[in-house]
Undergrad: 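Here it is: the structure, laid out below.
Given the structure is predicted, the values throughout are model-derived calculations rather than measurements. What you see below is based on every heavy atom in this structure, not just the backbone, and it leaves out hydrogens, waters and symmetry mates. In what follows, every chain begins at residue 1, and chains take the letters A, B, ... in the order their sequences are listed.
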Amino acid sequence: DTEVTQTPKHLVMGMTNKKSLKCEQHMGHRAMYWYKQKAKKPPELMFVYSYEKLSINESVPSRFSPECPNSSLLNLHLHALQPEDSALYLCASSQDRAGPYNEQFFGPGTRLTVL
Amino acid sequence: AQSVTQPDIHITVSEGASLELRCNYSYGATPYLFWYVQSPGQGLQLLLKYFSGDTLVQGIKGFEAEFKRSQSSFNLRKPSVHWSDAAEYFCAVGPNNAGNMLTFGGGTRLMVKP
């Protein structure tokens, strides 16, 4: 299985809602990533988990809260988002942070719209 | 700090024509270089990667790229483009000082004329 899955595919939420994005991989990868991608732009790194520990937070607002319950799962909890947070949220995984095996495998993304 | 430049925001080619997408990088050491493709509303798919060794690397879907250290370039090529190749293409370099992070270029949108 060389796939990263993400649910839901689409999400529409109001600014007062609480929702979660889910990402799953079964490749035995120990690094997982959240990216935000606005239209016609490259992905921007948000968070990195390495061995289920948060290792990088790229100064993301606290209304985004990541969670890594186990080595296969990555969640992104959303609360009190703003319309400018509307974007495609991509999850990725890689074998490890260090060494040459750092190819990142991406999921299909969750298209988030904040009203 | 490393950076990646994709000079062409949009490129249009005719189906069956050859393709070259440019990528220039700035990096202090030997880089790991990647090309990803993204179809509309989809995630990124790795086309090919360069870590070391032969500077001409072959990827999926008939793509290849050549690493030229002297020019700090990693251009993507395909001899004959198919309509299904229309997509956004991202060049990336890694790792950065924080570890296994990728720095992406701004992307090149490829359109294919019938």
Undergrad: I need the minimum non-hydrogen distance between A/P43 and B/F104, along with the two atoms involved.
TA: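 Minimum heavy-atom contact is O-CD1, 3.9 Å.
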Undergrad: Report, as yes or no, whether the 6.0 Å neighbourhood of atom NZ on B/K113 holds more than 12 heavy atoms from other residues, nucleotides or ligands.
TA: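 No, the 6.0 Å shell around NZ holds no more than 12 heavy atoms from other groups.
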Undergrad: Between CD of A/Q37 and CG of B/L44, what distance do you get to the nearest 0.5 Å?
TA: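 Taking CD in A/Q37 and CG in B/L44, the distance rounds to 6.0 Å.
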Undergrad: Considering only heavy atoms, give the residues of residues 107-115 of chain A separated from chain B by less than 4.5 Å, sorted numerically, with 'none' for an empty result.
TA: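 Under the 4.5 Å heavy-atom cut-off, A/G107, A/P108, A/R111 qualify.
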Undergrad: Side chain, backbone, both or neither: which part of B/Q45 has an atom under 4.5 Å from a heavy atom of chain A?
TA: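 For B/Q45, neither part sits under 4.5 Å from chain A.
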Undergrad: Measuring from atom CG of B/L102 to atom OH of A/Y35, what distance do you get when rounded to the nearest 0.5 angstrom?
TA: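 Going from CG on B/L102 over to OH on A/Y35, the span is 4.5 Å.
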Undergrad: With a 6.0 Å cut-off (strictly less than), is the heavy-atom count around CE of A/M15, excluding the residue itself, greater than 12?
TA: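 Not buried by this count: 12 neighbours or fewer within 6.0 Å.
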Undergrad: Same cluster or not: A/V60 versus A/L54, using hydrophobic residues (I, L, V, M, F, W, Y) connected whenever any side-chain heavy atoms lie under 4.5 Å apart?
TA: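 Shared cluster, yes.
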Undergrad: Mark yes when over 12 heavy atoms from residues, nucleotides or ligands other than B/I60 sit less than 6.0 Å from its CD1; otherwise mark no.
TA: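 Atom CD1 in B/I60 is crowded, with more than 12 foreign heavy atoms closer than 6.0 Å.
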Undergrad: Heavy-atom distances under 4.5 Å only: say whether A/Q6 touches chain B with side chain, backbone, both or neither.
TA: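 Answer is neither: A/Q6 stays 4.5 Å or more from chain B.
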Undergrad: Same cluster for B/L33 and B/L56 if Ile/Leu/Val/Met/Phe/Trp/Tyr side chains link at under 4.5 Å?
TA: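 Per the 4.5 Å side-chain linkage, B/L33 and B/L56 are not co-clustered.
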Undergrad: Might you point out which heavy atoms bring A/P42 and B/G106 nearest each other, and give the distance in Å?
TA: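 For A/P42 versus B/G106, the nearest heavy atoms are CD-O, 4.0 Å.
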Undergrad: Do B/Y32 and A/E103 pass the side-chain contact (heavy atoms from CB on, under 4.5 Å) test, and can you show the C-alpha distance, the side-chain angles, and the key distance before you say yes or no?
TA: CA-CA 9 Å; B/Y32 297 153; A/E103 172 186 338; over 6 Å; no
Undergrad: When rounded to the nearest 0.5 angstrom, what is the spacing between CD in A/Q104 and OH in B/Y36?
TA: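 The CD atom of A/Q104 sits 5.5 Å away from the OH atom of B/Y36.
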Undergrad: Is the shortest heavy-atom distance from the side chain of A/F106 to the side chain of B/Q42 under 4.5 Å?
TA: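 The answer is no; the side chains never approach within 4.5 Å.
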